Amino acid sequence: MQQRHTDIAIIGAGSAGLSAWHAAKKHTDDVVLVEAGEYGTTCARVGCMPSKLLIAAADAAHRARQADVFGVNVGAVEVDGSAVMARVKRERDRFVAGVLDSMKRIPASHRIRGHARFIQPHTLQVDDHTQLTANAIIIATGSRPSWPGMLEPAGDRLIVNDDVFERDTLPESVAVFGPGVIGLELGQALSRLGVRTRMFGVGGSIGPLQSEKVRQTADEVFNHEFYLDADADVKHIERQGEGVAITFIERDSGRELTETFDYVLAATGRQANIDRLDIESAELSLDEHGVPHFNRFTLQCVNADDSESHIFITGDANQAVPLLHEAVSEGKIAARNAANLDDVQVGRRNVPLSVIFTEPQIAIVGDNRPSLEARYGGCDCIAEGGVSFDDQGRATVMGENHGYMALFAEHGSGAFLGAELLGPRVEHMAHLLAWALEQKLTVSEMLAMPFYHPVLEEGLRTGLSDLNAALKQGPAITERCMECGPGD
Ligand SMILES: Cc1cc2nc3c(=O)[nH]c(=O)nc-3n(C[C@H](O)[C@H](O)[C@H](O)COP(=O)(O)OP(=O)(O)OC[C@H]3O[C@@H](n4cnc5c(N)ncnc54)[C@H](O)[C@@H]3O)c2cc1C
């Protein structure tokens, strides 16, 4: 057994771990990165990149099928599943190769291969070959798909996102469980690629949407394209022959149907890779899921006796905001603090921004309405405006006039607070809004910005005007809202 000591040990060479490694190196030469699985990151191997590659193929098929709207006849659209998957894998492998190249720049002496688990608060056991003691430890172990027991009867036909990208061709049919971010993206893409798809959810949620108007619009728009029952009544799931038989109540007819699918795709959430860390030996304060309590701005964990720990937790492992840019940002903050345990500082966090690459796209900027209401603690401080994309000029020109955006601002100050967007290519508009939020702009300041013609952002201007009209402004309200609102 090798005994080794280091300043900072990082568990997990994913996006958060790699970001932490590079940031930590600016403070100390003594950093060790431990990785149990394949190098290459979840994002490049089975996450952001292969999913967007599949979506790009799906969108190409969809565009071709929609071409007749413009009087362009491209004939029957044929999807070659093997060619689609070949490109997905080829480009995916190029992205992974890029990560592997950057791994090579990390000297072998700074890397250990193997599964790390705690045996003491400062000591990790890596497989059965190394005991690594560290002054500070950064947990960057990511997450993995999880599914409810009700899907287990699908047996070997139960798949997750990782499996989709490993296939050599497309299946004939898939039942997608979970219309969350991953389910919506993959489900719509598979459907556009000609895979018979039904999507089932529980409780009515669609993606991260909290605004009822936006959620309802999403329900209608997606249902035009594929079957989505966000509040499904699934009676029975059974492995049968070459597939899985699912008995469910059809949403509009109320009939009980039994249909067979090649696969059940579980997109029902992800669980933090904390459970295999023997985290109890780290003597941390844990929540009910066994995830350490931590400070979101320093990433520092809390000891069981409530004191500050030398352990930090980043990326999907802490389950706070499971997004790539947040993992990278958290890795940097944790590394800076792990290297300066006597001077742990709050790191700068960007405003919340997330994009779901469906069509229409979904984007969330800032806090959603329930979070804002919780933040303002019952004060009637939030103005809401909105606009439909149904008649928006540029969206109509492109034949993509579907969606709705809900925008929020603070009465009194007129400060822009956030938005839920469902609309064509809103990934770009979401960035404008996030930047406005970072700059703490008011709605009237945003309306004073230039808007070209004819662009989708003119829809945003209409939404902002609606929001502006809903704003109550004046000194009395300003005082009240500045008192209970977040201020700066
Ligand atoms: C299908 C899909 C699509 C996505 N699309 C997007 C998107 O469009 N945009 C976006 O922002 N985000 C997206 N995400 C989320 C994004 O991929 C993650 O937030 C990000 O990859 C998390 O990085 P991480 O470093 O926390 O975890 P990972 O990259 O998973 O790294 C964790 C590493 O830790 C290792 N590890 C685990 N346990 C141990 C242990 N005990 N010892 C040693 N090593 C260990 C693992 O092997 C792994 O290499 C998507 C995710 C999925 C699944």
Side-chain angles (χ1 to χ4, degrees), residues 9-21 32-55 88 92 95-96 99-100 103 111-118 124-127 130 132 137-146 159-165 176 178 180-187 189 207-208 265-279 282 299 313-332 334 350 352-358 361-364 427 430:
I10 301 167
I11 317 175
S15 303
L18 286 173
S19 156
W21 193 88
V32 173
L33 187 57
V34 187
E35 173 55 54
E38 297 282 317
Y39 288 134
T41 76
T42 290
C43 174
R45 279 190 186 284
V46 293
C48 330
M49 302 317 280
S51 57
K52 269 76 242 177
L53 285 163
L54 192 75
I55 290 167
V88 168
R92 184 265 323 260
F95 291 121
V96 172
V99 181
L100 297 182
M103 283 301 307
R111 291 187 255 141
I112 301 182
R113 293 307 293 266
H115 178 94
R117 60 188 172 81
F118 284 90
L124 301 170
Q125 175 74 45
V126 184
D127 282 352
T130 308
L132 180 64
I137 296 174
I138 299 176
I139 301 172
T141 47
S143 62
R144 62 181 187 277
S146 63
I159 58 170
V160 295
N161 56 288
D162 305 31
D163 305 308
V164 171
F165 310 124
V176 180
V181 174
I182 294 173
L184 281 175
E185 284 192 353
L186 296 184
L265 172 59
T268 38
R270 295 179 68 84
Q271 97 172 74
N273 290 326
I274 297 294
D275 52 333
R276 298 167 186 167
L277 276 178
D278 288 351
I279 196 74
L299 284 313
I313 186 162
T314 61
D316 282 15
N318 68 32
Q319 296 277 284
V321 199
L323 295 173
L324 188 276
H325 68 280
E326 297 283 359
V328 171
S329 157
E330 291 181 2
K332 286 182 193 160
N350 286 121
L353 168 65
S354 62
V355 176
I356 293 101
F357 294 84
T358 47
Q361 289 183 339
I362 295 171
I364 310 289
E427 62 183 277

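Counting from 1, the numbers follow the sequence of the chain as shown. Every value quoted in this text rests on a predicted model; they were computed, and no experiment measured them. Numbering of ligands and ligand atoms starts at 1, following listing order. Computed over heavy atoms, backbone and side chain alike; hydrogens, waters and symmetry mates excluded.
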Using heavy-atom distances, let me know which of [options] sits nearest [atom].
atom                    : options                : result
atom 1 (C) of ligand 1  : V46, V34, L33, V328    : V46
atom 43 (C) of ligand 1 : A36, G17, A13          : A36
atom 33 (C) of ligand 1 : R144, Q319, E35        : E35
atom 11 (O) of ligand 1 : L277, T141, L324, V164 : L324
atom 4 (C) of ligand 1  : C48, G315, S354, A44   : C48
atom 51 (C) of ligand 1 : S51, A140, G47         : G47

Requested in this report: Determine yes or no for a side-chain-to-main-chain donor-acceptor pair under 3.5 angstrom, with R113 supplying the side chain and G37 the backbone.
Outcome: yes
Query raised in the report: Donor-acceptor pair, E35 side chain versus A13 backbone, under 3.5 Å?
Result: yes
Locate the shortest heavy-atom distance separating [X] from [Y]; write the atom from each residue and the value.
X    : Y    : answer
T41  : A44  : OG1-N, 3.2 Å
G315 : E330 : N-OE1, 2.8 Å
R45  : L100 : NH2-CD2, 4.4 Å
V88  : P50  : CG1-O, 4.1 Å
V46  : F165 : O-CE1, 3.2 Å

**Report entry** Close approach, F357 and ligand 1, non-hydrogen under 4.0 angstrom
**Finding:** yes
Query raised in the report: Below 4.0 Å from any atom of ligand 1, is there a heavy atom belonging to G114?
Result: yes
Among protein heavy atoms, which sits nearest to [atom], and what does the distance come to when rounded to 0.1 Å?
atom                    : value
atom 27 (O) of ligand 1 : G142 CA, 3.3 Å
atom 21 (O) of ligand 1 : C43 N, 3.6 Å
atom 26 (O) of ligand 1 : D316 N, 2.9 Å
atom 25 (O) of ligand 1 : A16 N, 2.8 Å
atom 34 (O) of ligand 1 : G12 CA, 3.2 Å
atom 30 (O) of ligand 1 : T42 OG1, 2.4 Å
atom 31 (O) of ligand 1 : G14 CA, 3.1 Å
atom 41 (N) of ligand 1 : A116 O, 3.0 Å

Query raised in the report: How does K52 reach ligand 1, by side chain, by backbone, by both or by neither, if only non-hydrogen atoms under 4.0 Å count?
Result: side chain
Report task. With heavy atoms under 4.0 Å as the rule, classify the contact between I182 and ligand 1 as side chain, backbone, both or neither. Result -> side chain
Considering only heavy atoms of [X], which atoms of ligand 1 have at least one such atom less than 4.0 Å away?
X    : value
R270 : 53 (C)
P322 : 15 (C), 19 (O)
I11  : 40 (C), 42 (N), 43 (C)

What's the separation between atom [atom1] in [X] and atom [atom2] in [Y], rounded to the nearest 0.5 Å?
X    : Y    : atom1 : atom2 : answer
R270 : S143 : CZ    : OG    : 3.5 Å
I274 : N318 : CD1   : CG    : 8.5 Å
H115 : I11  : NE2   : CD1   : 8.5 Å

Query raised in the report: Under the side-chain hydrogen bond (donor to acceptor under 3.5 Å, both in side chains) criterion, do N273 and T141 qualify, and how do the steps go?
Result: CA-CA 6 Å; N273 290 326; T141 47; 5.5 Å; no
Report summary line: Tested for side-chain contact (heavy atoms from CB on, under 4.5 Å) against V181, the lone hit among I356, L323, L186 is I356
Requested in this report: Kindly determine whether L33 and M103 satisfy side chain to side chain contact (heavy atoms under 4.5 Å, CB included), including the steps that lead there.
Outcome: CA-CA 11 Å; L33 187 57; M103 283 301 307; 4.2 Å; yes
